[in-house]
*Asks:* 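What follows is a single structure, and I will ask about it in a moment.
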Amino acid sequence: MIERYAVIGHPVAHSKSPLIHAEFARATGQDIEYRRIEAPLDGFRQAADAFRAAGGKGLNVTLPFKQEAFRYCGEASARARDAEAVNTLAFGQPVFGDNTDGVGLVRDLSRNLHFDLKSARTLVLGAGGAAQGVIGALREAGVAQLVIANRTVEKARTLAARFPGTRGCGYAELGDEAFGLIVNATSASLVDAAPPLPASAFGRAALAYDMVYGRDTPFLAAARAAGARSSDGFGMLVEQAAESFFVWRGVRPDTVPVLRKLRGG
Ligand code: NAP
């Protein structure tokens, strides 16, 4: 019997998750259906309840509902509690909430981009839901140092305070500090803007990673101009989806062919 899943967000029409999960299902022989649900901004709980009542088995949760999904679930994984946000709901008794964004980023960096996180002085730009979701996993991956910079400085400090050993600051406070890994977890790229980062932030052989995908961004262009390597966030999207698929189905799909196919390679 086909089991039903969906991604819920607002907006959600652009989401590539149905394509990714269709590829995973085909490759692993799992009989699932996966669609998009656009919930009204004040209608997350109602839409999730309705999908569940109709027999839905699980949801991926995207902007702007990840924090609400954290409050919705009856049991949250340690990584969801770290993030205080949920991107994966599994409809059992109780409803289980997980956050696969952090592991998705770390797997893309380490396996697909062959980046050695252990020796990396790391800077995360932004302190919203996306940044919240990845700080725990980056720390666990053993980055050498972790700094969070945000336009609204207080949010960076508050987020950093939850993770011992990390530092929160404003962009101006970065001075001429150089980093080996810079992750843009802001939404600035969506409006073709770049966070105000000095060129000196990109250290020798640095990797600049933009969580936004499917476009070249001013942040990535600035990184290349400073001599850094650059990557968009498409690999993270596919890796976080693979981890969600594993949470639901107990099967871990091979992401490499899916990444290649969906990138058009
Ligand atoms: P969010 O909660 O709305 O937070 C947005 C963040 O961006 C805030 O820190 C905000 O700073 C900052 N920001 C916005 N415009 C800026 C600008 N012009 N200059 C500097 N900072 C700016 O959004 P989110 O959930 O964190 O998502 C951020 C991005 O990550 C989105 O584009 C999303 O699509 C992407 N994402 C990708 C994946 C993936 O799998 N690849 C997964 C998750 C998220 P203030 O606090 O000062 O407002």
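The figures that follow rest on heavy atoms only: side chains count, while hydrogens, waters and symmetry mates do not. In each ligand, atom 1 is the first atom listed, and ligand 1 is the first ligand listed. Each residue takes its place number in the sequence, starting with 1.
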*Asks:* Under a 4.0 Å heavy-atom cut-off, what residues line ligand 1?
*Replies:* Leu63, Lys66, Asp101, Gly126, Ala127, Gly128, Gly129, Ala130, Asn150, Arg151, Thr152, Lys155, Ala185, Thr186, Ser187, Ala188, Leu190, Met211, Val212, Tyr213, Gly233, Met236, Leu237
*Asks:* Between the side chain of Ser77 and the main-chain N/O of Asp98, is any donor-acceptor distance below 3.5 Å?
*Replies:* no
*Asks:* Taking NZ, NE, NH1 and NH2 as the nitrogens, is one of them in Asp216 or Arg224 under 4.0 Å from a carboxylate oxygen of the other?
*Replies:*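 Salt bridge flag = yes for Arg224 with Asp216.
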*Asks:* Hey, are Arg229 and Tyr209 close enough side-chain-wise for a donor-acceptor pair under 3.5 Å?
*Replies:*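 Arg229 and Tyr209 do not have a side-chain donor-acceptor pair below 3.5 Å.
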*Asks:* Checking the side chain of Thr158 only, and the main-chain atoms of Ala156 only, is there a donor and an acceptor separated by less than 3.5 Å?
*Replies:*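 Side chain of Thr158 to backbone of Ala156: no pair is present.
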*Asks:* Let me confirm one number: the CZ-CZ distance from Phe202 to Phe179, rounded to the nearest 0.5 Å.
*Replies:* 11.0 Å
*Asks:* Which is it for Arg249 and Tyr5 under the side-chain hydrogen bond (donor to acceptor under 3.5 Å, both in side chains) test, yes or no, and what are the steps along the way?
*Replies:* CA-CA 11 Å; Arg249 311 296 302 175; Tyr5 299 86; 3.0 Å; yes
